[in-house]
Chemist: 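This structure is in structure tokens; I'll ask about it shortly.
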Amino acid sequence: MRLQPPPGWQSQDFIYGETPLGTARLLLEWAELQAGEHFCEIGCGRGVVGLVAHLVFGARVSGYEKVPALANKARWLTRALQVEQGVSIHEDGPYEQADLYFLTPTTWSEENWCRVCRQLDKASPGARALVLSEPLPGWRVLEKRSLPYSWGWNQTFLQIRT
């Protein structure tokens, strides 16, 4: 039996890629993530970027992953690294308010992209976001860079909620 995406999701919302550790560190340095800030990753996969945010930068982390097998891997990694107090993994929103968001909508359906954008319209002024492929509407672009990911180089936007 072939699994179908949950209602409201399309198969392209579940295409998997990963942010390499080196790119994760570059992203978080670029966004000037500080110890004690809240980092929220939407589509966290195994939670690698969030683990770097917590272990290297001292951030509190919330990861959101719709693929249960990947969310379970992320939870396993947080337990294995004994960081459950600073890293939480969720399979559904709504997303918590954060200082810095990271999202990789490169392969998302238009419906999913719009759903996430609506939720991030509620982000606090001054919140920052790192977004691949296209900027969040209504957020100011501070800078864009091309960075390496597991699928190749991708345009990444650093934005701020005004």
Chemist: Mind checking whether Lys73 and Arg75 have side chains closer than 4.5 Å, heavy atoms only?
Modeler: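 Sidechains of Arg75 and Lys73: no contact.
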Chemist: Within the distance-only criterion (no hydrogens, no angle test), does the side chain of Gln119 pair as donor or acceptor with the backbone N or O of Val116 below 3.5 angstrom?
Modeler: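 Between the backbone of Val116 and the side chain of Gln119 there is no qualifying donor-acceptor contact (under 3.5 Å).
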Chemist: Once rounded to the nearest 0.5 Å, what's the spacing between atom CZ of Phe57 and atom CG of Leu100?
Modeler: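 Here the rounded value is 10.0 Å.
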Chemist: Looking only at non-hydrogen atoms, find the nearest pair between Val61 and Ala53 and report the distance.
Modeler: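 The pair with the smallest heavy-atom distance is CG2-CB, 4.0 Å.
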Chemist: Quick check: are there more than 12 heavy atoms from other residues, nucleotides or ligands sitting under 6.0 Å from CD of Gln97?
Modeler: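 Yes, CD of Gln97 has more than 12 neighbouring heavy atoms, counting only those of other groups under 6.0 Å.
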Chemist: How about Val83 and Leu51: do any of their side-chain heavy atoms sit closer than 4.5 Å?
Modeler: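 With C-beta onward as the side chain, the pair touches.
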Chemist: Give a yes or no answer on whether the side chain of Asp99 reaches the backbone of Ala127 with a donor-acceptor pair at less than 3.5 Å.
Modeler: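 No, because the side chain of Asp99 does not come within donor-acceptor range (under 3.5 Å) of the backbone of Ala127.
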Chemist: So, taking the atom named CZ in Arg128 and the one named CD1 in Ile160, what distance separates them when rounded to the nearest 0.5 Å?
Modeler: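 These two atoms lie 7.5 Å from each other.
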Chemist: Grab the two heavy atoms, one from Thr23 and one from Pro148, that are nearest each other, plus how far apart they are.
Modeler: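 Here Thr23 and Pro148 meet closest at OG1-O, 2.6 Å.
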Chemist: Rounded at 0.5 Å granularity, tell me how far CG in Leu158 sits from CG in Leu142.
Modeler: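 One finds 5.0 Å between CG of Leu158 and CG of Leu142.
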Chemist: Taking the side chain as every heavy atom from C-beta outward, state whether Ile89 and Tyr64 have any atom pair closer than 4.5 Å.
Modeler: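 Side-chain contact under 4.5 Å: no.
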Chemist: Search all heavy atoms of Leu130 against all heavy atoms of Ala31 and return the closest pair with its distance.
Modeler: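 Nearest pair, atom of Leu130 first, then Ala31: CD1-CB, 3.9 Å.
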Chemist: Say whether, by atom type as modelled, one donor and one acceptor occur between the side chain of His54 and the main chain of Ala59 under 3.5 angstrom.
Modeler: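 Yes, because the side chain of His54 sits within donor-acceptor range (under 3.5 Å) of the backbone of Ala59.
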Chemist: Apply the test salt bridge (Lys or Arg N to Asp or Glu O under 4.0 Å) to residues Glu134 and Lys144: give CA-CA distance (whole Å), side-chain angles for both, the deciding distance (0.1 Å), then the verdict.
Modeler: CA-CA 10 Å; Glu134 63 180 288; Lys144 64 181 175 179; over 6 Å; no
Chemist: Taking the side chain as every heavy atom from C-beta outward, state whether Cys40 and Glu96 have any pair of such atoms under 4.5 Å apart.
Modeler: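 No, side chains not in contact.
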Chemist: So which atom in Ala74 and which in Gly45 form the shortest heavy-atom distance, rounded to 0.1 Å?
Modeler: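 What the structure gives for the nearest pair is CB-O, 3.7 Å.
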Chemist: Would you check if Phe102 and Leu27 make a side-chain contact, meaning some heavy-atom pair closer than 4.5 Å?
Modeler: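 In contact.
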Chemist: Tell me whether Arg115 is salt-bridged to Glu110, with the criterion being a basic N under 4.0 Å from an acidic carboxylate O.
Modeler: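 Glu110 and Arg115: not salt-bridged.
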Chemist: Treating Gln159 as the side-chain partner and Leu136 as the backbone partner, does any N or O pair qualify as donor plus acceptor under 3.5 Å?
Modeler: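 The answer is yes, because a donor-acceptor pair under 3.5 Å joins these two groups.
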Chemist: Is it true that, when you exclude Glu143 itself, more than 12 heavy atoms of the residues, nucleotides or ligands shown sit nearer than 6.0 Å to its CD?
Modeler: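 It does: Glu143 CD has more than 12 such atoms within range.
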Chemist: Give, for atom NE2 of His90 and atom OG of Ser62, the distance between the pair rounded to the nearest 0.5 Å.
Modeler: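 The OG atom of Ser62 is 4.5 Å from NE2 of His90, to the nearest 0.5 Å.
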Chemist: Between Glu91 and Glu65, is there a donor-acceptor pair closer than 3.5 Å when you use the side chain of the first and the backbone of the second?
Modeler: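 Side chain of Glu91 to backbone of Glu65: no pair is present.
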Chemist: Determine whether Ser124 and Arg161 make a side-chain contact, defined as any pair of heavy atoms from C-beta on separated by less than 4.5 Å.
Modeler: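 When only atoms from C-beta onward are counted, Arg161 and Ser124 do not touch, as no gap falls below 4.5 Å.
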Chemist: Side chains of Thr19 and Ser150: does their closest heavy-atom pair fall under 4.5 Å?
Modeler: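 The answer is no; the side chains never approach within 4.5 Å.
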Chemist: Hydrogens and angles aside, do Thr156 and Tyr149 bring a side-chain donor and acceptor to less than 3.5 Å of each other?
Modeler: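 There is such a pair (donor and acceptor under 3.5 Å, judged by atom type) between the side chains of Thr156 and Tyr149.
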Chemist: With distance as the sole criterion, is a donor-acceptor pair present between the side chains of Glu84 and Thr78 under 3.5 Å?
Modeler: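 Looking only at side-chain atoms, Thr78 and Glu84 do not form any donor-acceptor pair under 3.5 Å.
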Chemist: Taking transitive links into account, so neighbours of neighbours count too, which hydrophobic residues share a cluster with Val141 at under 4.5 Å side-chain distance?
Modeler: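 ILVMFWY cluster around Val141 also holds Phe157.
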Chemist: If every non-hydrogen atom of Trp139 is compared with every non-hydrogen atom of Ala123, which pair is closest and at what distance?
Modeler: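 So the two residues come closest at CZ2-CB, 3.6 Å.
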Chemist: Go through the steps to decide whether Asn154 and Leu147 satisfy the test side chain to side chain contact (heavy atoms under 4.5 Å, CB included), and finish with yes or no.
Modeler: CA-CA 5 Å; Asn154 209 116; Leu147 296 169; over 6 Å; no
Chemist: Write down the atom of Trp113, the atom of Val131, and the distance for their closest heavy-atom approach.
Modeler: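 Minimum heavy-atom separation between Trp113 and Val131: CH2-CG1, 4.0 Å.
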Chemist: Determine yes or no for a side-chain-to-main-chain donor-acceptor pair under 3.5 angstrom, with Asn72 supplying the side chain and Pro68 the backbone.
Modeler: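 Here the side-chain-to-backbone pair exists.
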Chemist: Salt bridge (Lys or Arg N to Asp or Glu O under 4.0 Å) between Glu29 and Arg25: does it pass, once the steps are laid out?
Modeler: CA-CA 6 Å; Glu29 286 174 350; Arg25 184 177 180 115; 2.9 Å; yes
Chemist: Can you confirm whether Glu41 sits close enough to Leu103 that some side-chain heavy atom of one is under 4.5 Å from a side-chain heavy atom of the other?
Modeler: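 No. Closest side-chain heavy atoms not under 4.5 Å.
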